[in-house]
Structures are given as structure tokens and as C-alpha cells.
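The figures that follow rest on heavy atoms only: side chains count, while hydrogens, waters and symmetry mates do not.
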Amino acid sequence: MDIFDYTDELEFLKDYYHLQGMSIEWAVIEITHEKTPQDNCLKPGLIIKDSSVFVNLYERKLQVPLELGGYSRKVYPANKEMAGKNGEYTVLVAKDDQTKQMILPANFILDIHRECWYGEWMEDGIMSL
């Protein structure tokens, strides 16, 4: 199956991360650095229900919440909403704290994952030099 054959982003992500049969939901990941607050950031993610790990979508890997010294990595369940005139943006908003929100391109999942998922379309596109 090709990445463009999926009509549901969550079904694609379940396949990509081998989470078939598991319950997942959107998340906002908050990274904070006590000594370098300019490095604080929010990232899109997935919560795997009944699991101690979550998916960091930007880094394409599984992680755990962490608090170590002045560094923390927390994950918050989020709602995903479409925004913009033609739905050109996706907004992830933490359910319990609406100040934790991200505005992303509507196709951010494709932007992050398409070059990691082989498809014949690549032969005539990005892989040809």
C-alpha cells in the first residue's frame, strides 16, 4: 500500500508505528529547558492509550514522559481541528490547557513521513537526480 492510498491519517500512523489494534489520540508534546528557555517547544504527537510511551511525530520515534534536572518532556491529549479559509491548517490544542496549541500545515503528516515510505511515485520525483 502507498502512503497516498490512506484516507485516514490515524490509520496510516497506526500502520507506520505498528500500533494496529491499539487506541491512539492526538497529542501536544511540551519540551521545557530550565536553563535555556529559548529551547522550549511544542511538538505534535500521539498518545497510545494504556501505554507508558507516546509517539513524537516530528522525530518519528516512541518516547516516554521525562523530568530530569531542568529538562522535561510532557504529553497532553489534544483535539485536532482544521483552520484557514480552505482548511489549509491543522491546529492541535491540548484538551486541558488551550494555551498549549500548535498551528501546522494541513498535510503535516505527509510532510513528515512521505520520504520514509517507499512508493513508485518517488522514482520519477524526489529520488531522481
Rounded to the nearest 0.5 angstrom, the CG-CG distance for Leu62 and Asn56 is 9.5 Å
Gap separating the CG atom of Leu104 from the CG atom of Leu92, nearest 0.5 angstrom: 5.5 Å
Hydrophobic cluster membership, Tyr16 vs Val53, 4.5 Å side-chain cutoff: yes
Return the minimal non-hydrogen interatomic distance between Pro65 and Ser52, and the atom names on each side. CD-O, 3.5 Å
Could you give me the CA-CA distance, side-chain angles and deciding distance for Leu46 and Leu10, then say whether side chain to side chain contact (heavy atoms under 4.5 Å, CB included) is met? CA-CA 9 Å; Leu46 296 173; Leu10 289 177; 3.9 Å; yes
Would you say Thr36's side chain and Gln38's backbone share a donor-acceptor pair under 3.5 angstrom? no
Path from Met102 to Phe108 over hydrophobic side-chain contacts below 4.5 Å: yes
Looking at residues at least two apart in the chain, or sitting in another chain, which of them share a side chain to side chain donor-acceptor pair (under 3.5 Å) with Ser72? Thr32
If you measure from CD1 on Ile31 to CD on Gln63, what distance do you get to the nearest 0.5 Å? 6.5 Å
For residues 26-65, the ring-ring contact (aromatic ring centres under 6.0 Å, His included) pairs (sequence neighbours left out) are His33-Tyr71
Glu25: side chain to side chain donor-acceptor pair (under 3.5 Å) partners, not counting sequence neighbours: Lys95
Using the rule given for side chain to side chain contact (heavy atoms under 4.5 Å, CB included), can you reason through Thr99 versus Gln101, listing the C-alpha separation, both sets of side-chain angles and the distance that settles it, and then say yes or no? CA-CA 6 Å; Thr99 64; Gln101 60 178 276; over 6 Å; no
Under 4.5 Å between any side-chain heavy atoms of Leu13 and Leu57, yes or no? yes
For Asn86, what residues pass the side-chain contact (heavy atoms from CB on, under 4.5 Å) criterion, not counting sequence neighbours? Glu88
Any heavy-atom pair between the side chains of Pro44 and Val28 that's under 4.5 Å? no
Residues 34-48 vs salt bridge (Lys or Arg N to Asp or Glu O under 4.0 Å), sequence neighbours excluded, gives Lys43-Glu59
Take atom CG in Asp96; do more than 12 heavy atoms of anything else shown fall under 6.0 Å from it? no
Is the backbone of Glu11 close enough, under 3.5 Å, to the side chain of Asp8 for a donor and an acceptor to pair up by distance? yes
Within a 6.0 Å radius of atom CD on Gln98, are there more than 12 heavy atoms belonging to other residues, nucleotides or ligands? no
Applying salt bridge (charged side-chain N to carboxylate O under 4.0 Å, His left out), can you list everything that pairs with Glu9, at least two apart in sequence or on another chain? Lys80
How many angstroms lie between CG in Asp50 and CE in Met22, if you round to the nearest 0.5 Å? 8.0 Å
Residues which pass salt bridge (charged side-chain N to carboxylate O under 4.0 Å, His left out) with Lys100, listed by chain and number, not counting sequence neighbours: Glu30, Asp97
Atom of Thr90, atom of Ala106 and distance for their closest heavy-atom approach: OG1-CA, 3.3 Å
Shared ILVMFWY cluster between Ile112 and Ile47, side chains joined below 4.5 angstrom? no
Indicate if Ile24 and Val75 have the same hydrophobic cluster label, given that clusters are the connected sets of ILVMFWY residues with side-chain heavy-atom separations under 4.5 angstrom. no
Please answer: with hydrophobic residues joined when any side-chain heavy atoms are less than 4.5 Å apart, are Phe12 and Leu19 in the same cluster? yes
Share the residues that join Ile103 in a hydrophobic cluster, the rule being Ile, Leu, Val, Met, Phe, Trp or Tyr side chains under 4.5 Å apart at the heavy-atom level. Tyr89, Val91, Val93
Given 3.5 Å as the limit, does a donor-acceptor pair link the side chain of Arg73 with the main chain of Ile29, or not? no
